[in-house]
Structures are given as C-alpha cells and as structure tokens.
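Below is one structure; the comments refer to it alone.
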Amino acid sequence: MPLDLEHKVEELEKSAESRKGIWLLVLPLLRSRYFLISLFFYLSLLMIFAGYKISSYITIRGSFDEGTVLVLPPMAPPPPPMPKQETKAETKEVKVTTTAAQVKTAVTRITVAAPSEFVRKETLNVMPVLKMAEVKVRTDMSKKIEGARIARLQGVAKFQKDWGVSGSKRSTRAKFTIFQAKYLDGDWNCNPTSLQNMMLQIRAWSRDRIDAQVVPEVLDIGTDKLFTIKPPFVYLTGHKDFRLADNEVKNLRDYLTLGGAIWADSALAGRRSRFDIAFRREMKRVLPDRDFEIVPENHEMFDTFFDNIGLPTGMNNYHEPIEMINIGGKLAVLYTLNGYGHFWEARLNRDGKIEWGRVNLAGRKEKPEWQYVHGPHLRVPRSESSIIYRNITDETERNTYKFGINVVVHLLTRYQRDFMLLPKELPTSPDVKNRTSRPAGNGATVTNVPASTNATKAGVSK
C-alpha cells in the first residue's frame with residue numbers, strides 16, 4: 001500500500017509539471033510531503049494535549065466534587081412562598097430556589113452546574129449591595145447651629161466693612177493701618193522700628209496695592225478703641241513678664257469674637273522665656289476654652305502673597321513652629337516664637353539686601369534726617385565683632401520679611417471667601433429670631449449665640 005501511494009504521488013508530480021494555474025502551488029507541496037507529514041503529526045499531538053487540559057478544567061470548575069466549596073451569603077428568613085415553576089427536560093430535572101435575601105446580598109454572578117451527564121446551568125444576575133450615602137437631615141438643632149454661624153459671619157462682615165480689602169495673593173488690595181498693642185504691664189514697645197520697616201517693605205513689594213500706613217499707631221487695648229477703630233489685627237510683642245488687666249482681657253475676648261486677630265511675636269526667641277510663659281497664661285484668661293495648636297506646614301498663610309515660603313529661621317537660629325488659636329475655623333491668635341521683630345529692625349534696600357548706609361528718614365531734602373537703619377542689633381556696619389545675633393544675613397532678612405507680608409495678607413483676607421458665600425437671610429429658627437446683642441463699646445455689639453448651639457465662652461464654636 002505504501003508503494004502504491006508513493007507511485008500515485010509521483011504521477012501527480014508529473015501531471016502538475018505539465019499543467020499551469022493552481023497546480024504550480026500544489027507542486028512544491030507535493031515535493032515537500034515529508035515536511036507535511038511531520039507537521040500533521042505534531043499538530044495532532046498538540047490538539048490531543050489541549051483537549052485533555054480543557055476537559056480537566058471544565059470538570060474541576062463545573063462540578064460539585066468532594067473538596068469544592070460553594071460559598072453563599074448568610075441565609076435570611078424565607079419570604080412568603082412563591083408559586084413553583086417546573087422546568088421539563090428530556091432526561092433530568094434540576095430545580096434551583098433562590099431567596100430574596102440571597103439575591104439582595106450577593107455581589108457576584110452565581111453559576112450552578114449539575115454533575116450528571118445532563119448539565120443545566122442557572123445564572124443569576126445579581127445587583128451589588130449599595131451603601132446608603134450620608135444624608136444630612138435638616139433638624140431644628142442643625143438650623144440653630146447654621147443660624148448662629150451665619151449670624152456671626154454677618155457680624156464679622158459688618159465689623160470689617162471699612163477695611164477695603166479685595167483680591168487675593170499678589171493682587172490683594174487693601175488700605176489699613178497697623179496697630180501695636182499697648183498693655184498695662186510689660187515692655188510692649190521693645191522693637192520700635194520693626195513695624196515701620198515692615199510696612200515700607202509691604203508697600204514696596206505690593207507696589208502700593210497694599211496701602212499700609214508707614215508709621216504704626218499705638219492702641220491701648222484697655223480702652224474701647226478696639227471697637228471704634230476696628231483694626232484688622234493688633235501686633236503684640238515684648239520680652240518681659242506681664243499680666244493683662246481684667247478690662248484688657250474682656251476687650252480682647254470680644255474683639256476676637258467679632259472677627260479681629262492678635263499677632264504676637266516674642267522678643268525672646270524660644271520656649272519657656274518670661275514672655276512666652278506670660279503670653280500663654282494671659283491667652284488662657286482671654287480664651288479659657290481654647291488651646292494653642294501647631295500651625296501645619298501646608299497652612300494657607302505660607303502661600304498667600306509669596307508661594308511656599310515655609311517657616312523662616314529666627315534669631316540665633318531658633319526654628320520653633322508657630323502656633324495659633326482658631327475661632328470659627330479661622331485664625332484668631334497667631335504666636336511666633338522666633339524673634340522675627342529683631343530682623344525687621346534692619347531695613348532692606350531695592351536690591352533686597354540689608355541697608356548699611358544712612359537713609360534720610362525725613363523724606364525731605366530741605367531738612368534731611370540721616371540715620372543708619374540697619375538696626376540696633378547689628379551695631380557698626382560690616383563689623384562682625386559687634387554683631388549680637390550671628391545669623392542676620394541678607395537671606396534671613398528677606399525670608400522673615402516675606403513671611404511677614406504673607407501673614408499680613410492672610411489676616412486681611414481670611415474671611416473674604418466666606419463673605420462671598422454668605423446668604424442674605426438666616427435659616428428659620430425661633431431661637432435665631434430671639435437672638436440678642438449687647439454693647440461692646442461705643443456702638444459695637446457682640447452677638448449672644450443661643451445656648452442650645454453649645455457655643456463656647458468666646459461666643460462661637462470651633
């Protein structure tokens with residue numbers, strides 16, 4: 001038989017040589033018949049192996065053999081009986097009963113296969129379980145709390161309406177005077193030239209968009225001027241122990257409640273100094289229910305006028321974190337412990353470097369007043385032997401001034417976003433309608449928030 005097949009193949013080769021068309025493609029195949037036989041043999045082996053693997057996979061995944069575990073959701077109490085539906089099959093009948101609880105809680109598609117020769121599959125398309133989203137229910141308590149918040153913001157907006165603040169970051173525009181807090185005890189004016197130099201630098205960097213009065217004004221916090229002048233913030237410094245009078249404590253508390261702010265800068269860098277101990281003690285009297293907290297590195301004050309300036313190094317390389325007290329989610333008390341006021345006693349020139357030469361402080365050519373403005377802590381210009389603080393350089397001066405203008409811009413603009421979203425009317429609530437006000441001094445008022453809002457002694461919530 002093989003000889004006859006070989007003979008027939010040779011005849012086909014001869015016939016293909018004498019013909020044209022498709023036979024020209026058949027002729028090479030006939031001449032490579034041994035390659036075709038080998039290819040057919042290996043393809044057959046491959047198909048046999050693949051069929052074996054596929055059949056074993058189907059047997060494992062599609063049967064309930066011993067060792068296979070079917071995990072179903074927890075059973076719930078059965079619902080009322082449903083009418084049964086019978087399915088007829090020629091060889092076998094398989095019934096699948098699924099409870100409503102199983103359908104509700106299952107999160108995958110369940111496929112059940114019968115192990116016998118007749119296989120019937122029942123596929124259940126199950127909806128996934130959805131968790132209930134948080135739903136804010138408008139209750140009387142929530143209306144009272146929201147009404148108290150809106151009432152306070154309206155009071156703050158009224159308190160700040162004369163500040164003339166608009167814009168943000170480099171486009172901030174404002175016209176204000178910086179006030180230095182005068183308290184009964186202590187040395188409140190220990191760095192007399194720092195604020196003046198700070199205002200000059202703010203005007204220079206903002207190109208007069210922030211129209212700050214160069215000469216600061218002294219504000220006695222024991223008087224009603226806090227509520228008649230309504231300053232955006234007051235600057236408080238010193239390096240001695242001090243104690244606030246009772247009327248100073250009350251005035252500061254009402255002032256902070258109305259939307260004002262305190263920026264305190266210790267003239268003795270570091271913790272546990274005389275000023276540090278005294279200031280923390282007196283702030284506890286002003287806001288007894290509040291504690292200082294560390295200002296995080298991503299706080300918006302580090303990204304207001306200048307972007308991402310970080311915390312500058314203070315005197316003698318002190319690098320204590322700055323601290324704050326918030327009222328109503330807004331900064332109310334800022335406390336810097338690194339003695340930045342000493343840096344601001346030295347003035348910068350147009351190149352951003354320490355001004356070592358004499359400057360005409362009078363500003364007039366007719367009667368000039370030439371003085372050195374490099375600050376008392378540098379003593380003689382360019383003489384390192386007389387420098388008290390070794391880390392005063394052009395770079396540290398620029399960094400502290402950048403930090404200073406960022407703080408000022410933040411204190412001026414911290415409520416602007418809330419004012420834009422402030423509704424015109426309060427939420428309807430009987431307690432909001434019965435809200436009363438008491439005078440805080442010469443026309444200013446302090447709103448009494450209803451006691452049901454769990455307001456703090458300062459009159460606001462955290």
Side-chain angles (χ1 to χ4, degrees), residues 177-183 185-205 212-219 221 231-242 261-280 282-283 295 301 309 311-324 333-348 354-355 371-379 387-411:
T177 300
I178 190 166
F179 290 88
Q180 184 159 8
K182 177 184 178 181
Y183 44 94
D185 191 15
D187 56 338
W188 55 270
N189 191 24
C190 59
N191 295 324
T193 62
S194 60
L195 292 183
Q196 181 176 349
N197 292 337
M198 169 64 75
M199 295 305 104
L200 283 171
Q201 198 60 44
I202 288 178
R203 292 179 66 99
W205 276 339
Q213 181 174 314
V214 175
V215 180
E217 292 189 13
V218 177
L219 194 153
I221 60 175
F233 63 93
V234 293
Y235 178 84
L236 189 150
T237 188
H239 53 46
K240 290 184 179 180
D241 185 15
F242 68 94
I262 297 173
W263 179 8
D265 181 67
S266 176
L268 286 178
R271 297 180 183 275
R272 304 301 298 171
S273 66
R274 297 187 301 271
F275 179 86
D276 180 70
I277 295 173
F279 181 71
R280 294 179 187 277
E282 297 309 302
M283 284 300 103
V295 177
M301 79 170 65
I309 60 169
L311 181 65
T313 302
M315 278 294 176
N316 287 330
N317 293 306
Y318 272 97
H319 204 265
E320 295 286 349
I322 58 178
E323 301 182 25
M324 65 179 177
V333 180
L334 178 67
Y335 182 31
T336 52
L337 299 79
N338 297 317
Y340 296 133
H342 295 310
F343 286 98
W344 301 328
E345 287 185 300
R347 190 177 296 184
L348 296 181
I354 297 174
E355 180 59 74
Q371 292 186 15
Y372 289 107
V373 291
H374 50 72
H377 294 96
L378 295 184
R379 303 293 182 183
I387 293 178
I388 299 177
Y389 296 101
R390 297 289 177 177
N391 65 324
I392 295 184
T393 62
D394 293 336
E395 182 180 2
T396 56
E397 285 286 339
R398 286 192 299 269
N399 290 339
T400 53
Y401 271 111
K402 288 181 180 179
F403 173 74
I405 188 174
N406 270 35
V407 170
V408 169
V409 172
H410 175 67
L411 293 177

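A quick note: this is a predicted structure, and the numbers were derived from the prediction, not measured. What you see below is based on every heavy atom in this structure, not just the backbone, and it leaves out hydrogens, waters and symmetry mates.
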- prompt: Do H319 side-chain atoms and L311 backbone N/O form a donor-acceptor pair below 3.5 Å?
  reply: yes
Q) Within a reach of under 6.0 Å around CD of Q371, are more than 12 heavy atoms found that belong to other residues, nucleotides or ligands? A) yes
Should the pair W263 and W344 be assigned to parallel (<30°), tilted (30 to 60°) or perpendicular (>60°) ring geometry? perpendicular
Hits for side chain to side chain contact (heavy atoms under 4.5 Å, CB included) against N406, two or more places apart or cross-chain, chain-then-number order -> T304, F305, F306, I309
Subject >> Heavy-atom donor-acceptor pair, Q180 side chain to W188 backbone, under 3.5 Å >> reply: yes
Exercise. Quick check: does any side chain N or O of R272 sit under 3.5 Å from a backbone N or O of I277, one acting as donor and the other as acceptor?
Worked result: no
In this structure, CG of L268 is separated from CG of D276 (nearest 0.5 Å) by 9.5 Å
Interatomic distance, OG1@T400 vs CG@L348, rounded to 0.5 Å, equals 7.5 Å
Exercise. What is the ring orientation for H374 with Y372, classed by angle as parallel under 30°, tilted 30 to 60°, or perpendicular over 60°?
Worked result: tilted
Scanning both residues in full, the closest heavy-atom pair of V373 with E355 reads CG2-CG, 3.8 Å
Exercise: do Y318 and N316 side chains pair donor with acceptor under 3.5 Å
no
Applying side chain to side chain contact (heavy atoms under 4.5 Å, CB included) to T396 and not counting sequence neighbours gives F343, T393
Side chain to side chain contact (heavy atoms under 4.5 Å, CB included) filter on Q196, not counting sequence neighbours, yields V214, P216, R347
Value for CD (Q201) from CG (N197), rounded to nearest 0.5 Å, stands at 8.5 Å
Note: A278 and D241 closest approach over all heavy atoms is CB-OD1, 3.2 Å
Would you call the rings of F279 and F242 parallel, tilted or perpendicular, taking 30° and 60° as the class edges? tilted
* For side-chain contact (heavy atoms from CB on, under 4.5 Å), just list the numbers for F403 and I322, CA-CA rounded to whole Å, side-chain angles, deciding distance to a tenth of an Å, and then say yes or no. => CA-CA 12 Å; F403 173 74; I322 58 178; 4.0 Å; yes
Residues N191 and G341: closest non-hydrogen pair is ND2-C, 3.9 Å
>> Treating S266 as the side-chain partner and T336 as the backbone partner, does any N or O pair qualify as donor plus acceptor under 3.5 Å?
In response: no
Is there a donor-acceptor contact under 3.5 Å from the side chain of H342 to the main chain of A267? yes
P321 and L337 have their tightest heavy-atom pair at O-CD1, 3.6 Å
Tightest non-hydrogen contact, residues I392 and E397, listed as CG2-OE2, 3.5 Å
Taking every heavy atom of M301 against every heavy atom of V295, the minimum-distance pair comes out as CE-CG1, 4.2 Å
| With no hydrogens and no angle check, do the side chains of D265 and T237 hold a donor and an acceptor under 3.5 Å apart? | no
